[in-house]
Amino acid sequence: MLQTYKARLYGNSLEWLSERPEVTDAEVHVTVLETKKVSDGTAMAAALQQFADLKQPSSFGDGLTWQQETRLDRELPEREAL
């Protein structure tokens, strides 16, 4: 019967993440479940630069005016409104 144990592979050694198998000498099959891809951010920076270069006006007009028109302040407890 095959048994499954969680482990993390570091180079040529395994670090057990759950219970450790009782056998000390056995043939194993390793299935890689996920790999961590490290990005230096260059692709994201290029995409953001392309977006910034579009120079299209925003769909809601002036941001300050839009904020002032849509912002609703609530009264705070035990404080008078200005």
Side-chain angles (χ1 to χ4, degrees):
M1 180 169 93
L2 295 177
Q3 296 178 333
T4 303
Y5 300 93
K6 285 188 172 185
R8 183 168 286 129
L9 178 64
Y10 291 105
N12 291 330
S13 62
L14 293 173
E15 174 189 354
W16 300 109
L17 300 176
S18 61
E19 65 177 292
R20 189 177 190 160
E22 293 181 17
V23 294
T24 57
D25 187 20
E27 183 177 318
V28 298
H29 297 266
V30 176
T31 302
V32 178
L33 298 177
E34 65 180 54
T35 57
K36 294 181 181 179
K37 185 176 181 180
V38 179
S39 171
D40 63 358
T42 55
M44 177 64 77
L48 290 173
Q49 186 60 51
Q50 287 177 347
F51 183 69
D53 291 342
L54 291 176
K55 298 180 182 172
Q56 294 180 350
S58 61
S59 61
F60 57 82
D62 178 46
L64 182 59
T65 304
W66 173 83
Q67 181 184 16
Q68 290 171 345
E69 290 174 356
T70 59
R71 182 177 174 188
L72 297 175
D73 287 336
R74 64 179 176 86
E75 292 185 20
L76 298 174
E78 300 179 19
R79 295 191 185 176
E80 294 180 17
L82 297 176

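Side-chain atoms are counted along with the backbone in the values below, which use heavy atoms only and exclude waters and symmetry mates. Fair warning: this is a prediction, and the values are worked out from it, not measured in the lab.
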Side-chain cluster (under 4.5 Å, hydrophobic types only) that Met44 belongs to, other residues: Leu48
Donor-acceptor contacts under 3.5 Å from residues 9-19 side chains, at least two apart:
from: Tyr10; atom 1: OH; to: Glu15; atom 2: OE1; distance (Å): 3.4
from: Ser13; atom 1: OG; to: Tyr10; atom 2: O; distance (Å): 3.2
from: Ser18; atom 1: OG; to: Lys6; atom 2: N; distance (Å): 3.2

With Thr4 via side-chain hydrogen bond (donor to acceptor under 3.5 Å, both in side chains) - residues at least two apart: none
All side-chain hydrogen bond (donor to acceptor under 3.5 Å, both in side chains) counterparts of Gln3, not counting sequence neighbours: Tyr5
Any residue meeting side-chain contact (heavy atoms from CB on, under 4.5 Å) with Val30, in chain and number order, not counting sequence neighbours: Val28
